[in-house]
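One structure below.
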There are 2 protein chains.
Amino acid sequence: MSSVSKALELLPLFTAARPEIGLSQLCRLAGRDKTTTYRHLQALESTFFVEQNPLTKAYRLGPALMHLASVREITVPRKAAAQAALARLAEQTGETAHVSVLSGETMYSLASCESPRHATRVIIDITVFPLHATASGIAALAFGPDRLFDAALANTQAFTEATPVTEAALRRFAQDARATGFGQSHKSYEDDVQSISAPVFDQTGLFAGAVSVAAVASRFSTQLASRIMTHLIEASRQITRSWGGTIPPHLENAWAQIVPDKAAVETPS
Amino acid sequence: MSSVSKALELLPLFTAARPEIGLSQLCRLAGRDKTTTYRHLQALESTFFVEQNPLTKAYRLGPALMHLASVREITVPRKAAAQAALARLAEQTGETAHVSVLSGETMYSLASCESPRHATRVIIDITVFPLHATASGIAALAFGPDRLFDAALANTQAFTEATPVTEAALRRFAQDARATGFGQSHKSYEDDVQSISAPVFDQTGLFAGAVSVAAVASRFSTQLASRIMTHLIEASRQITRSWGGTIPPHLENAWAQIVPDKAAVETPS
DNA sequence: CAACAGTGGTTCAATATATGAACCGATCGG
DNA sequence: CCGATCGGTTCATATATTGAACCACTGTTG
């Protein structure tokens, strides 16, 4: 692995829950030598990807990210478009809505929105969604490029008892998703979370990402699932439209069978 | 220079005006070998800092930046706080307002806001503000840590005929800024731009950044300068307050002498 | 107070890693 | 069909990265 990659892998260790990290702790988190980590941090600091809290000497993410993110958003204005749909989705379902994008062979978190309705909420604090264990990942397998299957099978960690780990199980999940138009994960990534996901497409006409609702398992019911699906269809159409894509006909057909009235009424403009 | 730094320096080459760059062009822009650049891009792509347009094979900034920027903004929520003040400042002055932050020994662009009032506007498209040639930089020299002077003198490129390049000239500019409470740069970075800048402070009590107004030179006048200064004082107070800092008394005194009525009336809460 | 465990940061020899000239196949325009 | 350009690859060279040991400092604890 290149030293560049190693240095860049330090950055996702900073999270909202752990925004400042000292040198020693960062070494432990990254599992690397102190000198190595220090040199990497120096390089990251010289380019403003991290900065040091002058009081505590701990490192935190730097100002360069703000500027680059704004350029990225101008280049590919997906986040802004998704966020409006997410807010509505969270409001309509009372659960946490989020959007992930496919980059290479990885589903990457783009934005999420929690509903304030309940005191218990699902917090999306991962940046990469495992393909085999999350609803977004299953949607990617079902509607994305075939090569994702190899990527998924290369890493089938069992997060819970319900995590599918065999190729047969994964193919069944993907097949279900293609038939229904929704990726689903029931307690397969975390024991308390059940998620449903719909694919989103961009101007290339290809699978670009997924919009999902992650519900606290104790609140989950067939009624809630049905409501989530109804609103996911709207959200997927909205985001797909704003990303310059269209919903493939076979997907509209699948949706029409699951939620006939809604799908029939709201045809994409 | 470390290869990590070299790879990271590729990222600022992507701008809103040039959002996608092919391998060869990127080599020319970075002034580096093709293999080197290619390997760096591979590392950046594997960590989602860039991605490839699947159609053109050109590279663009990647989705990881969005996530990291949101964590940065949660960690140090400066951008959101500054933007409200910038919008008002742009509105009040009819010119382009921007905020830069000090990270290490560099003034880094955080946010900017153009006024729609005039067809000619100053566009802030640089990410690093030269300490010796910009109003923000002069403010940093005047109100920031002393070590910035060495950093400024280490790189005194003459951007225009008016760029101060000698230590004596720089010290005079900084002295002026301390006396008046404003950093100023009159056509010293670009021939058509005159800027005035006020320092901003954070919870450490130290200089944290600068808020500036960059005016098209042909519109500049003493009346405009006076109006800009009045509104800069408000903006600096507002941003400083939201960043958890306070305006030092000596600065309030300097401002009170320049704009006596305004400074006397609006004392910081 | 003194020993200790923790921190951030530095040194230097060993070597793993980055580098760049040359090359390849594909594509484009004349 | 040619030359120019593109993205990407190969391989010997040599440069930049690495990690054990070390240093100075700080806060804790018996």
Side-chain angles (χ1 to χ4, degrees), chain A residues 1-11 13-14 18-62 75-76 103-105 145 147 151 204 206, chain B residues 1-14 18-62 75-76 102-106 145 147 150-151 204 206:
Chain A
M1 176 185 297
S2 72
S3 69
V4 177
S5 304
K6 279 184 269 189
L8 292 176
E9 283 175 4
L10 294 176
L11 294 177
L13 299 175
F14 296 89
R18 198 202 308 116
E20 297 201 348
I21 311 179
L23 174 59
S24 299
Q25 191 186 357
L26 204 50
C27 293
R28 287 190 294 270
L29 289 170
R32 290 206 211 92
D33 184 80
K34 190 165 59 166
T35 307
T36 304
T37 307
Y38 181 67
R39 302 292 290 276
H40 288 167
L41 283 170
Q42 297 278 69
L44 291 169
E45 189 176 18
S46 73
T47 44
F48 312 105
F49 283 77
V50 304
E51 67 183 7
Q52 248 184 320
N53 183 327
L55 300 173
T56 65
K57 300 252 179 187
Y59 295 87
R60 62 184 178 213
L61 295 178
T75 310
V76 185
S103 180
E105 298 175 348
R147 64 188 152 84
T204 67
L206 301 173
Chain B
M1 178 185 299
S2 72
S3 69
V4 177
S5 304
K6 279 185 267 189
L8 292 177
E9 282 174 5
L10 294 176
L11 294 177
L13 298 175
F14 296 89
R18 194 193 323 109
E20 297 200 347
I21 310 180
L23 173 59
S24 299
Q25 191 187 359
L26 205 49
C27 293
R28 286 190 295 270
L29 289 170
R32 291 209 208 90
D33 183 81
K34 190 166 59 167
T35 307
T36 304
T37 306
Y38 180 67
R39 303 293 288 276
H40 288 167
L41 283 170
Q42 298 278 71
L44 290 169
E45 189 176 19
S46 72
T47 44
F48 312 105
F49 283 78
V50 303
E51 66 185 7
Q52 248 184 320
N53 183 327
L55 300 174
T56 64
K57 300 252 179 189
Y59 296 86
R60 62 184 177 215
L61 295 178
T75 310
V76 185
L102 178 68
S103 181
E105 300 176 347
T106 305
R147 63 188 153 85
D150 294 330
T204 67
L206 301 174

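Here the structure is a predicted model, which means the values were calculated and not measured. Just so it is clear: chains get the letters A, B, ... in the order the sequence lines come, proteins before strands, and each one is counted from 1.
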Evaluate the side-chain proximity of Q42(A) to Y38(A): yes if any heavy-atom separation is below 4.5 Å, no if none is.
-> yes
Side chain to side chain, L41(B) and E45(B), heavy atoms closer than 4.5 Å | no
Looking only at side-chain N and O atoms, does [X] come under 4.0 Å of OP1 or OP2 in [N]?
X      : N       : value
K6(B)  : dA18(C) : no
Y38(B) : dT9(D)  : yes
S3(A)  : dT17(C) : no
Q52(B) : dG8(D)  : yes
H40(A) : dT18(D) : yes

Calculate the interatomic distance between [X] atom [atom1] and [N] atom [atom2]; express it in whole Å.
X      : N       : atom1 : atom2 : value
R32(B) : dT15(D) : CZ    : P     : 17 Å
L10(A) : dT17(D) : CG    : C1'   : 14 Å
Q42(A) : dA16(D) : CD    : P     : 17 Å
K57(A) : dA24(D) : NZ    : P     : 16 Å
E45(A) : dG9(C)  : CD    : P     : 8 Å
L41(B) : dT9(D)  : CG    : P     : 12 Å
L23(B) : dG8(D)  : CG    : P     : 6 Å
R39(B) : dG7(D)  : CZ    : P     : 17 Å

Without hydrogens or angle criteria, can the side chains of S3(A) and S3(B) be said to hold a donor-acceptor pair below 3.5 Å?
-> yes
Look at the side chain of K34(B) and the base of dG20(C), then say whether one donor and one acceptor between them are separated by less than 3.5 Å.
-> no
With distance as the sole criterion, do the side chain of T35(B) and the base of dA21(C) form a donor-acceptor contact below 3.5 Å?
-> yes
On DNA chain C, nearest-nucleotide positions of R28(A) versus T36(B): which is more 5'?
-> R28(A)
Nearest nucleotide by nearest heavy atom, which residue falls closer to the 5' end of DNA chain D, Y59(B) or S2(A)?
-> Y59(B)
Can you name the closest pair of heavy atoms from C27(A) and K34(A) and give their distance?
-> SG-CA, 3.3 Å
Any Lys/Arg nitrogen of E9(B) or R32(B) sitting under 4.0 Å from an Asp/Glu carboxylate oxygen of the other?
-> yes
